[in-house]
Amino acid sequence: MSKVYNPKQIEKKWQTAWDKAGVYNTKNTSKAKTYYTLVEFPFPSGDGLHVGHVRSYAAMDIVSRKRRMQGYNVLFPIGWDAFGLPTENYAIKTGIHPAVVTKKNTNNFRKQMRALGLSFDWNREVNTSDPSYYKWTQWMFLQFLKKGLAYKAEVPINWCPKDKIGLANEEVVGGACERCGTPVEKKIKNQWMIRITAYADKLLAGLEKLDFLPEIKKQQEHWIGRAEGARIQFPIFGSQSVISVFTTRPETIFGATYLVLSPEHELIDILKPQIKNYTVVNDYCVTVVAKQEEDRVGSKEKTGVRVEGVEAVNPATGERIPVYVADYVLSGYGTGAIMAVPAHDQRDFEFAQKYSLPIKIVISRSSVENSKDVFEGNGRLVNSGNFSGRDCQEAKSDIIKKVGGRRAVTYKLRDWVFSRQRYWGEPIPVVICGSCGYVPVPEKDLPVVLPNVKDFKPRDDGQSPLASVATWVNVKCPNCKKPAHRETDVMPNWAGSSWYFLRYTDPCNTRIFADKKLLKKFMPVDWYNGGMEHVTLHLLYSRFWNQFLYDCGFVLAAEPYRKRTAHGVILAGGGVKMSKSKGNVINPDQIVASHGADTLRLYEMFMGPFDQAVAWDFSSIEGVSRFLGKVWRIHHEKVSATASPNRQLTVLLHKTIKSVSDDIESMRFNTAVSACMIFVNACFDQPVVPVSLWKKFLLILAPFAPHITEELWQSFSSEKKFSSIHTVAWPRYNPQFLITDSVTIPIQINGKMRDQVIVPVGSSQDHVFAVACEREKLQPYLRNASVRTVIFVPDKIMNIVL
RNA sequence: GCCCGGGUGGCGAAAUUGGUAGACGCAAGGGACUUAAAAUCCCUCGACCGUAACAGGUCAUGCCGGUUCGAUUCCGGCCCCGGGCACCA
């Protein structure tokens, strides 16, 4: 055995040995308690694995390894979120088929992950672009269709003119395409939609019981955006039509001095004959609607025009009030129309000032504030007819009743645009028939396999390249057998990732997406870690998808994830984002080659708090590398079977076992590593280290540094049959060793630490005080002074107040 | 603008229900070993005052104030950085 730690000589060897022995394989039939640890499966990009992946994967690998050692039957799977635009764009550029690129990239990712010693069960690998997988994604789409949750609608979509693709709201960042940065345009398209809004309440309510980080819950709540208020109808004077508004402040209706319609509002066309300045209004609407998304966000100055010839009646006051169209009212939220209460809403106030509209105060301020501010708070009603004098919150219900409104709830969450006019995705399994309309592909005919094409470029008419594959497109209607054609839209890449955690439980099943027995055994996921960037999209979609399958009776748990945590991003040196264009991306392969996988893993755990952003620092890697070198040396130079037990070291070991055990559970990996370092430093100072202590230490280090600990562990074994350290029981600490018989108590004088005394554990205040009074160091303070009080916390601290 | 995080030595950071601020690691400086270097080992390492050297003292956890015997920790107000949402009625 080498005297010097050389990871290259050991890491490959043990990776192969673990594989051969199936150390990390999950057992479907085991009677042991199960534990399901999940990491977000990667999109297999050509760039390979990123050090950011390693942070999350290594952390959950540590948790998984600890659970295995604790006796659990652990499911820790991995796969590939393989559909998606980057691969398709690469295909367009190079002409290489996305499936070929995907194959190459997944091979690379797999190799990289194995080199890191991640304990995935490779028998359960899934790939969303594999027909045997997406068969079930398509099947689930048909279930949505069956339940009326998938539907087709003419919707204004966010259109990226460069990628020639419709984007979901979630894929638009600051008015630009999330992928290429091109400003998006609005385009009306016939799209498949999924009615996620039907689950808004369930998604919100379900959060309560889940062990998600508070900030994750907050973000989801915010995204769902539930708002309680009322719908109130304002009759149009001299017309049958009404304008329905949604408001969260119905109690301010006496102050509603005008109404505003969004530029897309349907009433503008309906009321056309009545509108005196229709051309002006219409022109305004057309310009605003055509304007790009980016112009509609931000605190831009509000614009609008009055709809002349149309007046609404305020149902509370009976007064006639003007109607405007304005760009500050959104068509997609509430009813697309508002009652404007300029005295008590900042936006309405700004608009009213600009267009000289009346501002009527209906809530009196409780305190004297700057009168220039719009008062958006609560208080006593004024100028509100019979309601004047009452508390606005208390009167709310009565006011809604009086004006004939009804309580209503509105969400910010929108339905999910599920169509993509692209190639590299799951074909939507629908046939369009001239006589039968949209006909689902019969389940027995699934999967609808993505045909092989040569030209991946989206067509200029905005259709998917699939539309050009005549032999694939033209089919008989499954219903009436007349000539028909296939839907050529494909699904967004959020589809396959919305249920992958279910497939892992039973990845090879051809009868159903997963057997119920296995779902029952493994689901829900016990601990899911991933990036904060997926908290509103993937995490919400997959919760919805699972809840839907639950309502259909296909899965047994409504919520897919019991616990969700998130890791901080890894930045390049200097705290800037890693990006290819800046050339500051760190490839894990290079660290594995120079320092070994164990060092890389340990470094990423040690570099800072797990949930916070941290900057890469090459020189700090040396620290953990040296630490492992010390472990190696102690093992070979100091560990001895004949060394007598050392009380001090034993106590420290048990302390270390406790802190490492606890720290893993709360993801304080950085302090776990530092606890290991403290123990190793202590061993290093000893002439000999008893083997019994050392073995226990190797066990707690094993999840962090699986290769070196395996190598050292095997040196104790004389058996021929390989028995991995990673299958040995997790050591327990003995609380007896954590109790010491004496304790150091800091003595403070007036709150400042002046001295320390060593006393037996449990010493009384009197005893500690007596000892303190003897101390020479304290004499200058205690002499010529009278003690006012003594604060004493047993075994902790004494503060003498003079 | 709103909602989350965060701000501690030269740097990454510890401090688990208010109780010794800076564990652990990096960098730096000094020394040992070496023909030399690397590697390794030992020592020093918040700032300032002080001392021949010890000792000792003062100030320090973004800023201002409060509660407390005692505050990095709790409360109020502000500044800065990161993330999310953004005219959501």
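Each chain gets a letter, A, B and so on, in the order the sequences are listed, and its residues count up from 1. Note: hydrogens, waters and symmetry copies are ignored here, and every other heavy atom, side chains too, is used. Please read all numbers here as calculations on a predicted model, not as lab measurements.
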Please give the distance between the [atom1] atoms of [N] and [M] as a whole number of Å.
| N | M | atom1 | value |
| --- | --- | --- | --- |
| A89(B) | G5(B) | C1' | 29 Å |
| C79(B) | A28(B) | P | 40 Å |
| G84(B) | U72(B) | C1' | 27 Å |
| G22(B) | C45(B) | P | 12 Å |
| G70(B) | U20(B) | C1' | 12 Å |
| G9(B) | A14(B) | P | 13 Å |
| G19(B) | A38(B) | P | 45 Å |
| A71(B) | A21(B) | P | 10 Å |

Contact between [X] and [Y] at the side-chain level, heavy atoms closer than 4.5 Å - yes or no?
| X | Y | answer |
| --- | --- | --- |
| Ile591(A) | Val54(A) | no |
| Ser764(A) | Phe792(A) | no |
| Arg564(A) | Leu210(A) | no |
| Tyr411(A) | Asp201(A) | yes |

[atom1] of [X] versus [atom2] of [N]: gap in Å, rounded?
| X | N | atom1 | atom2 | answer |
| --- | --- | --- | --- | --- |
| Leu537(A) | G84(B) | CG | P | 11 Å |
| Leu571(A) | G83(B) | CG | P | 9 Å |
| Asp685(A) | U40(B) | CG | P | 16 Å |
| Lys302(A) | A86(B) | NZ | C1' | 12 Å |
| Phe618(A) | C11(B) | CZ | P | 21 Å |
| Met605(A) | A14(B) | CE | C1' | 18 Å |
| Glu604(A) | G12(B) | CD | P | 18 Å |
| Arg633(A) | U40(B) | CZ | P | 9 Å |

Over-ring placement of Lys360(A) relative to Phe254(A), 6.0 Å and 45° cut-offs: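 That pair does not qualify as a cation-pi contact.
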Will you find, in the side chains of Glu40(A) and His538(A), an N or O donor that is under 3.5 Å from an N or O acceptor?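 There is no such pair (donor and acceptor under 3.5 Å, judged by atom type) between the side chains of Glu40(A) and His538(A).
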If you look at every strand shown and take non-hydrogen atoms under 4.0 Å, does [X] touch a base, only sugar-phosphate, or nothing?
| X | answer |
| --- | --- |
| Lys577(A) | sugar-phosphate |
| Asp663(A) | base |
| Arg668(A) | base |
| Ala227(A) | sugar-phosphate |
| Phe792(A) | nothing |

Where do [X] and [Y] come nearest, in terms of heavy atoms and distance?
| X | Y | result |
| --- | --- | --- |
| Leu778(A) | Ala772(A) | CD1-O, 3.4 Å |
| Thr248(A) | Lys396(A) | O-NZ, 3.7 Å |
| Asp795(A) | Gly762(A) | OD1-N, 2.8 Å |

Acceptor/donor pairs from residues 599-617 of chain A side chains to any protein atom, 3.5 angstrom cut, sequence neighbours excluded:
| residue | atom | partner | partner atom | Å |
| --- | --- | --- | --- | --- |
| Thr599(A) | OG1 | His595(A) | O | 3.2 |
| Arg601(A) | NE | Phe704(A) | O | 3.0 |
| Arg601(A) | NH1 | Asp61(A) | OD2 | 2.9 |
| Arg601(A) | NH1 | Leu116(A) | O | 3.1 |
| Arg601(A) | NH1 | Gly117(A) | O | 3.3 |
| Arg601(A) | NH2 | Asp61(A) | OD2 | 2.6 |
| Arg601(A) | NH2 | Pro703(A) | O | 2.8 |
| Tyr603(A) | OH | Asp617(A) | N | 3.0 |
| Tyr603(A) | OH | Asp617(A) | O | 3.3 |
| Glu604(A) | OE1 | Arg55(A) | N | 3.0 |
| Asp617(A) | OD1 | Ser619(A) | N | 3.3 |
| Asp617(A) | OD1 | Ser619(A) | OG | 3.0 |
| Asp617(A) | OD2 | Ser620(A) | OG | 2.9 |

NZ/NE/NH1/NH2 to OD/OE distance under 4.0 Å, Glu376(A) and Arg249(A):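 Here Glu376(A) does not pair with Arg249(A) in a salt bridge, since their nearest N and O are not under 4.0 Å apart.
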I'd like to know if Asp662(A) pairs up with Arg668(A) as an ion pair, taking the criterion as any Lys NZ or Arg NE/NH1/NH2 lying under 4.0 Å from an Asp or Glu carboxylate oxygen.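 Salt bridge flag = no for Arg668(A) with Asp662(A).
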Base versus backbone protein contacts along nucleotides 1-7 of chain B [heavy-atom cut-off under 4.0 Å; B, S, -]: --SS-S-
How does protein reach along nucleotides 18-27 of chain B, written 5' to 3' as B (base within reach of a heavy atom under 4.0 Å), S (only sugar-phosphate), or - (no contact)? -BB--BBSSS
Polar pairs (N or O, both sides) under 3.5 Å between protein and nucleotides 54-59 of chain B?
| residue | atom | partner | partner atom | Å |
| --- | --- | --- | --- | --- |
| G56(B) | OP1 | Lys777(A) | NZ | 3.4 |
| G57(B) | OP1 | Arg754(A) | NH1 | 3.4 |
| G57(B) | OP1 | Tyr781(A) | OH | 2.5 |
| U58(B) | OP1 | Arg754(A) | NH2 | 3.4 |
| U58(B) | OP2 | Arg754(A) | NH1 | 3.2 |
| C59(B) | OP2 | Lys752(A) | NZ | 3.4 |

Quick check on RNA chain B: between Thr410(A) and Val614(A), whose nearest nucleotide comes earlier from the 5' end?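 Closest to the 5' end, via its nearest nucleotide, is Val614(A).
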Would you kindly compare Pro609(A) and Asp345(A) by the position of their nearest RNA chain B nucleotide and give the one closer to the 5′ end?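 The answer here is Pro609(A).
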Given the rule that a pair is Watson-Crick or G-U wobble with both distances under 3.5 Å, how would you write RNA chain B in dot-bracket, using | for pairs to a different strand? (((((((..(((......[....))).(((((.......))))).((((......))))..(((((..]....))))))))))))....
Determine, stepwise, if the pair Arg226(A) / Glu228(A) fulfils side-chain contact (heavy atoms from CB on, under 4.5 Å). CA-CA 7 Å; Arg226(A) 184 189 151 98; Glu228(A) 278 183 37; 3.0 Å; yes
Under the rule syn = chi within 90° of 0, otherwise anti, which is G9(B)?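 In terms of base orientation relative to the sugar, G9(B) is syn.
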State the CE-CZ distance between Met677(A) and Phe627(A), to the nearest 0.5 angstrom.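 Spacing of CE (Met677(A)) from CZ (Phe627(A)) equals 6.0 Å.
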With sequence neighbours left out, what residues match Arg407(A) under salt bridge (Lys or Arg N to Asp or Glu O under 4.0 Å)?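 Residues passing salt bridge (Lys or Arg N to Asp or Glu O under 4.0 Å) with Arg407(A): none at all.
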Would you say the rings of Tyr324(A) and Phe351(A) are close, in the sense that their centroids are separated by under 6.0 Å?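 Yes, they do, as the ring centres are separated by less than 6.0 Å.
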